[in-house]
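In the text below, chain A, chain B and the rest are named by the order of the sequence lines, each starting its count at 1. Because the structure is predicted, anything quoted here is derived from the model rather than measured.
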Amino acid sequence: MPRALHRWDLDIAEARTVQTRLAARVETHDRLGQVRAIAGVDCGFEDDGRLTRAAVVVMRWPGLDVIESTLARVPTTFPYIPGYLSFREMPAILAAFKQLETRPDLLLCDGQGIAHPRRLGIACHLGLWLDRPAVGVGKSRLVGAFEPPGEEKGSSTPLVVHDETIGAVLRTRDRVRPLFVSPGHRIGVDSAARWVLDCAIRYRLPEPVHAADRLASSKSCGRN
DNA sequence: GCGACAG
DNA sequence: ATCTTGTCGC
């Protein structure tokens with residue numbers, strides 16, 4: 001990646017420019033190898049948001065048993081602004097990945113992929129940075145129009161923007177609010193939704209993300 | 001100018 | 001995201 005894109009102390013205008021430049025590099029078609037390790041990524045906060053906690057939990061596929069997990073606590077340097085989430089959470093997430101020994105074959109990130117105003121949600125940003133296939137798993141909508149999917153687990157409807165399908169609104173549990181799945185990098189909409197559904201066993205969120213979610217939000221429980 | 005708005 | 005108990009439903 002270009003040197004200019006390796007900084008995180010940017011203002012909104014600069015961040016916007018970075019997003020537009022990086023969005024051109026996002027691959028929206030399947031380009032995955034054999035998937036043996038899936039990483040779930042999520043962040044939590046402490047001290048009223050002044051500290052960001054990023055968690056990565058890697059699970060084996062198939063089986064979804066935990067292989068490894070890391071947790072990083074980093075000072076927060078960017079405010080939460082819809083559309084600029086990656087600039088707030090990526091520093092901590094990258095710190096968590098540096099502690100990781102495993103090389104995940106697929107990343108499931110809490111947040112959007114290309115279902116973003118400039119097609120660069122956090123899953124795209126992370127997927128590009130680590131050069132890994134990545135999927136955005138959002139718990140709510142940022143952009144796009146959709147029709148509510150059926151009430152049963154597995155049903156989904158397309159998430160559309162300007163006549164183009166950018167993701168899927170997927171029900172991962174019967175009668176529970178659907179997830180907003182979109183490609184992050186090196187994967188298409190259908191495969192992205194497929195992987196999320198295949199990893200959704202016990203909760204609304206796919207196992208790897210659920211585990212990362214719990215690790216990132218648990219206060220003073222466990223050493224790191 | 002008025003809403004919408006990932007975590 | 002986070003502050004927080006009980007409570008309704010499968």
Side-chain angles (χ1 to χ4, degrees), chain A residues 8 12 15-16 18-19 22-23 26 40-57 71-96 107-128 134-146 151-153 159-162 166-185 189 192-193 196 200-206 208-221:
Chain A
W8 295 104
I12 310 301
R16 189 189 177 92
V18 168
Q19 293 182 321
L22 293 180
V26 173
V41 184
D42 190 32
C43 287
F45 298 87
E46 282 180 46
D47 195 21
D48 199 37
R50 283 185 279 277
L51 209 55
T52 301
R53 296 164 55 103
V56 177
V57 177
L71 177 63
R73 300 164 79 245
V74 174
T76 307
T77 60
F78 202 88
Y80 168 66
I81 300 172
Y84 298 88
L85 181 67
S86 62
F87 294 91
R88 176 180 174 78
E89 306 190 337
M90 284 268 286
I93 291 174
L94 293 179
L107 314 176
L108 299 185
C109 312
D110 189 286
Q112 313 295 328
I114 61 172
H116 175 279
R118 289 166 291 288
R119 294 278 207 287
L120 198 89
I122 191 168
C124 303
H125 209 155
L126 186 61
L128 280 171
V135 174
V137 181
K139 296 186 292 298
S140 63
R141 186 199 75 100
L142 175 57
V143 297
F146 66 97
E151 293 296 320
E152 331 69 43
K153 172 178 181 175
L159 181 60
V160 180
V161 166
H162 297 332
I166 57 171
V169 184
L170 175 68
R171 193 84 66 180
T172 51
R173 291 203 70 184
D174 291 356
R175 317 208 26 169
V176 166
R177 279 179 304 147
L179 253 29
F180 293 76
V181 181
S182 59
H185 188 44
V189 173
V196 169
I201 313 297
R202 299 175 289 179
Y203 318 98
R204 176 166 84 120
L205 291 173
V209 179
H210 179 272
D213 192 20
R214 293 220 54 196
L215 182 56
S217 59
S218 59
K219 305 286 187 185
S220 63
C221 293

Could you tell me how far apart [X] ([atom1]) and [N] ([atom2]) are, to the nearest whole angstrom?
{"X": "A:Glu46", "N": "C:dC3", "atom1": "CD", "atom2": "P", "result": "10 Å"}
{"X": "A:Arg88", "N": "B:dA6", "atom1": "CZ", "atom2": "C1'", "result": "12 Å"}
{"X": "A:His116", "N": "B:dG7", "atom1": "NE2", "atom2": "C1'", "result": "12 Å"}
{"X": "A:Arg16", "N": "B:dC5", "atom1": "CZ", "atom2": "C1'", "result": "14 Å"}
{"X": "A:Met90", "N": "C:dA1", "atom1": "CE", "atom2": "P", "result": "19 Å"}
{"X": "A:Phe45", "N": "C:dA1", "atom1": "CZ", "atom2": "C1'", "result": "5 Å"}
{"X": "A:Arg50", "N": "C:dT2", "atom1": "CZ", "atom2": "P", "result": "15 Å"}
{"X": "A:Ile122", "N": "B:dA6", "atom1": "CD1", "atom2": "P", "result": "13 Å"}

message: Over 60° means perpendicular and under 30° means parallel, so tell me whether A:Phe87 and A:His125 are parallel, tilted or perpendicular.
response: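 Aromatic pair A:Phe87/A:His125 classed perpendicular.
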Establish, with yes or no, whether the OP1 or OP2 oxygen of [N] is under 4.0 angstrom from a side-chain nitrogen or oxygen of [X].
{"X": "A:Ser140", "N": "B:dG7", "answer": "yes"}
{"X": "A:Lys139", "N": "B:dA6", "answer": "no"}
{"X": "A:Arg141", "N": "B:dC5", "answer": "yes"}

Just to be sure I understand the rule, does [X] reach a base, reach only the sugar-phosphate, or reach nothing, if contact means heavy atoms closer than 4.0 Å?
{"X": "A:Gly83", "answer": "base"}
{"X": "A:Tyr84", "answer": "base"}
{"X": "A:Asp174", "answer": "nothing"}
{"X": "A:Asp48", "answer": "nothing"}
{"X": "A:Gly49", "answer": "nothing"}

Quick one: closest heavy-atom pair of [X] and [Y], and the distance?
{"X": "A:Ala96", "Y": "A:Ala72", "answer": "N-CB, 3.6 Å"}
{"X": "A:Leu126", "Y": "A:Cys109", "answer": "CD2-SG, 3.6 Å"}
{"X": "A:Ile201", "Y": "A:Lys153", "answer": "O-NZ, 4.2 Å"}
{"X": "A:Phe146", "Y": "A:Arg141", "answer": "CE2-CD, 3.7 Å"}
{"X": "A:Phe78", "Y": "A:Ile12", "answer": "CZ-CD1, 3.7 Å"}

field: Side-chain heavy-atom pair A:Pro206, A:Leu179 within 4.5 angstrom cut-off
entry: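 Contact flag for A:Pro206/A:Leu179 side chains = yes.
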Polar atom pairs (N or O), protein with nucleotides 8-10 of chain C, under 3.5 Å:
none

Dot-bracket notation for DNA chain B, counting Watson-Crick and G-U pairs under 3.5 Å, with | for partners on another strand: .......
Tabulate below the donor-acceptor pairs under 3.5 Å that side-chain atoms of residues 114-123 of chain A make, not counting sequence neighbours, or state none.
from     : atom 1 : to       : atom 2 : distance (Å)
A:His116 : ND1    : A:Arg118 : N      : 2.9
A:His116 : ND1    : A:Arg119 : N      : 3.4
A:His116 : ND1    : A:Leu120 : N      : 3.2
A:His116 : NE2    : A:Gly83  : O      : 2.8
A:Arg118 : NE     : A:Gln19  : OE1    : 2.6
A:Arg118 : NH2    : A:Gln19  : OE1    : 3.0
A:Arg118 : NH2    : A:Tyr84  : OH     : 3.2
A:Arg119 : NH2    : A:Glu164 : OE1    : 2.5

task: Go through the steps to decide whether A:Leu142 and A:Leu85 satisfy the test side chain to side chain contact (heavy atoms under 4.5 Å, CB included), and finish with yes or no.
output: CA-CA 11 Å; A:Leu142 175 57; A:Leu85 181 67; over 6 Å; no
field: Ring-on-base stacking B:dA6 with A:Phe180 (under 5.5 Å, under 30°)
entry: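 One would not call A:Phe180 stacked on the B:dA6 base.
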Polar side-chain atom of A:Arg171 near backbone of A:Glu152 as donor-acceptor pair, under 3.5 Å: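 No; zero donor-acceptor contacts below 3.5 Å.
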